[in-house]
Amino acid sequence: MSDFWGNIFVETAARYSVAVLCLVIFLVIFELVTSYKNWEEIKRGNFSVAMATGGKIFGIANVIRYSIQHNDTILESIAWGGYGFLLLLFGYFIFEFLTPTYKIDQEIANDNRAVGFISLVISVGLSYVIGSSIQ
């Protein structure tokens, strides 16, 4: 039985499954903290929301990638991935705080593509910074 769990294909499938589950959970949390409904806006064709959401997906996946790469067990990967997600979430709130003249969520909901793009770049950029420090 230990040969089964030690098989690289089984381990890859397990890590993949956990990564997808974490991605879904983290996206639900992002959905709860934004004032708009991501998937409804995307369905309506709101490109700014699509860019911001795509940045979040890439950022989360990148943090999970680093957590898998630098940890031996799935539980360690989940822990570091969760910690990295919290830092990404914190970065989202900092972005909102640093722009007091307007609300990021409102601008993205109103399809302000410049704000959506900056949101995407911030999520991706922070994911690399966070990922590089994962042990």
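Since this is a predicted model, take the numbers as computed values, not measurements.
Between Val63 and Gly84, the closest heavy-atom pair is CG1-CA, 3.7 Å. Residues Asn38 and Tyr36 come closest through the heavy atom pair OD1-CE1, 2.9 Å. Considering every non-hydrogen atom in both Ala52 and Ile108, the closest pair reads CB-CD1, 4.0 Å. Smallest separation of non-hydrogen atoms from Glu96 and Asp105: OE1-N, 3.5 Å. The minimum heavy-atom distance between Asp111 and Gly45, with the atom names listed, is OD2-O, 4.5 Å. Contact between Arg113 and Met51 at its shortest, heavy atoms only, is O-CE, 3.3 Å.
Under a hydrophobic clustering in which Ile, Leu, Val, Met, Phe, Trp and Tyr are joined whenever their side-chain heavy atoms come within less than 4.5 Å, directly or via other members, Val115 and Ile94 fall into different clusters. Residues Tyr66 and Leu21 share a hydrophobic cluster, clusters being chains of Ile/Leu/Val/Met/Phe/Trp/Tyr side chains in contact below 4.5 Å. Both Ile104 and Val33 belong to a single network of hydrophobic side chains, linked directly or stepwise wherever heavy atoms of I, L, V, M, F, W or Y lie under 4.5 Å apart.
Ring centers of Phe30 and Phe85: under 6.0 Å apart, within the cut-off.
Side-chain N or O atoms of Ser123 include one that pairs as donor or acceptor with a backbone N or O of Ser119 at under 3.5 Å. Between the side chain of Thr53 and the backbone N or O of Ala50 there is no donor-acceptor pair closer than 3.5 Å.
Between Trp80 and Tyr83, the ring planes lie perpendicular to each other; the angle is over 60°, past the 30° to 60° tilted range.
Annotation: side chain of Phe26 is not in contact with side chain of Val24 (no heavy-atom distance under 4.5 Å). The side-chain heavy atoms of Ser77 and Val18, taken from C-beta on, include no pair separated by under 4.5 Å. Side-chain contact between Ile64 and Ser67 is present, with heavy atoms from C-beta onward closer than 4.5 Å. A 4.5 Å side-chain heavy-atom check between Asn71 and Ile134 finds at least one atom pair inside the cut-off. Contact annotation: the side chain of Leu88 approaches that of Ile60 to within less than 4.5 Å [non-hydrogen atoms, C-beta and beyond]. Asn112 is not listed as a side-chain neighbour of Tyr102, based on a closest heavy-atom distance of 4.5 Å or more. A 4.5 Å side-chain heavy-atom check between Phe95 and Ile118 finds at least one atom pair inside the cut-off.
Within the model, atoms CD1 of Ile42 and OG of Ser48 stand 11.0 Å from one another, a figure rounded to the nearest 0.5 Å. A distance of 11.0 Å separates CG in Leu27 from CG in Leu32, rounded to the nearest 0.5 Å. Note that CD1 of Ile57 and OG of Ser127 are 12.5 Å apart. Values are rounded to the nearest 0.5 Å. To the nearest 0.5 Å, atoms CD1 (Ile25) and CD1 (Ile78) are separated by 8.5 Å. Taking OG1 of Thr34 as the reference point, atom CD1 of Ile29 lies at 12.0 Å (rounded to 0.5 Å). Separation of atoms OH (Tyr128) and CZ (Phe58) is listed at 4.0 Å; rounding is to 0.5 Å.
Applying the 6.0 Å contact sphere to CZ of Phe117 captures no more than 12 heavy atoms from other residues, nucleotides or ligands.
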Candidate pair Tyr92 and Leu126, rule side chain to side chain contact (heavy atoms under 4.5 Å, CB included), full reasoning: CA-CA 10 Å; Tyr92 174 80; Leu126 285 178; over 6 Å; no
Test salt bridge (charged side-chain N to carboxylate O under 4.0 Å, His left out) applied to Glu11 and Arg15, step by step: CA-CA 6 Å; Glu11 184 177 343; Arg15 288 184 184 272; 3.2 Å; yes
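Ion pair Arg44/Glu41 flagged as a salt bridge, since at least one NZ, NE, NH1 or NH2 atom sits closer than 4.0 Å to an Asp/Glu carboxylate oxygen.
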